[in-house]
Amino acid sequence: MSDSDSENIANIMERDSASPVGDLCASQIVMDDGREFLMVIVYISPNQNSHEGSMLLKDNLDKLPLLLAGDFNVNFARDNLLQLITFLQEKFSLHINNDPREATTRYGTAIDGVFTRYLDNVMSCTFVAYFSYLCPIVTLIQAIVPLEASTATVTEITDEATDNID
């Protein structure tokens, strides 16, 4: 990440992120394979519109790989929420990573979401929680294994080996 990216990330983490719209917590993640991304966890207060909620992401971080997750307090399972998903896609290049029709509460609503930008090998699914109102979303980001660490073997097939095939 560039110095200006690191400075923008530092500004997010240092400022008071509490607002009437909601809260956020950001962290720069460095994976074992060297990939870096910004993880932002949000809580959007109930009854906010998508423009107000996007104000929490107003910093110029549109070029960074990003994982945005949290309680958006809107039911993603409703058809009219396609506007919010489209807004996040067009404004921030964020793509929803979990199934928006899968309930994240015991009442059958899908108020939690995981969005990603410029990240590969990301899988999100709900986790069954028997003693909680919420069904948390678990997100896995697989490391990319370098070729030298791969266990694949290549065997050369010679003309002599093929002559012995019946």
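Note that OG of Ser93 is 12.0 Å distant from CG of Leu64, once rounded to the nearest 0.5 Å. Taking CZ from Phe72 and CG from Asp112, the interatomic distance works out to 8.5 Å, rounded to the nearest 0.5 Å. Taken to the nearest 0.5 Å, the CG atom of Leu24 stands 8.0 Å off from the CD1 atom of Ile44. Here Asp23 contributes atom CG and Ser45 contributes atom OG; the two are 6.5 Å apart, rounded to the nearest 0.5 Å. Annotation: the span from Leu94 atom CG to Leu68 atom CG amounts to 6.0 Å, rounded to 0.5 Å. A distance of 8.5 Å separates CE in Met31 from CG in Asn121, rounded to the nearest 0.5 Å.
With respect to Asn97, the side-chain contact (heavy atoms from CB on, under 4.5 Å) criterion is satisfied by exactly one of Val122, Leu67, Leu119: Val122.
Partners of Asn75 by side-chain hydrogen bond (donor to acceptor under 3.5 Å, both in side chains), not counting sequence neighbours: none found.
Hydrophobic side-chain contacts under 4.5 Å tie Phe131 into a cluster, directly or through other members, with Val128, Tyr130. In this structure, Leu82 stands alone, with no Ile, Leu, Val, Met, Phe, Trp or Tyr side-chain heavy atom under 4.5 Å from its own, directly or through other members.
No side-chain heavy atom of Phe115 sits under 4.5 Å from any side-chain heavy atom of Leu66. Side-chain contact between Phe37 and Ile141 is present, with at least one heavy-atom pair separated by less than 4.5 Å. Side-chain contact between Tyr43 and Asn73 is present, with at least one heavy-atom pair separated by less than 4.5 Å.
Closest heavy-atom contact between Ser132 and Arg106: O-NE, 2.6 Å. Across all their heavy atoms, Leu38 and Ala26 have their closest contact at CD1-CB, 4.2 Å. The minimum heavy-atom distance linking Cys135 with Thr126 is given by the pair O-CG2, 4.2 Å.
In this pair, Tyr107 and Tyr133 present their aromatic rings tilted. The plane angle is within the 30 to 60° band.
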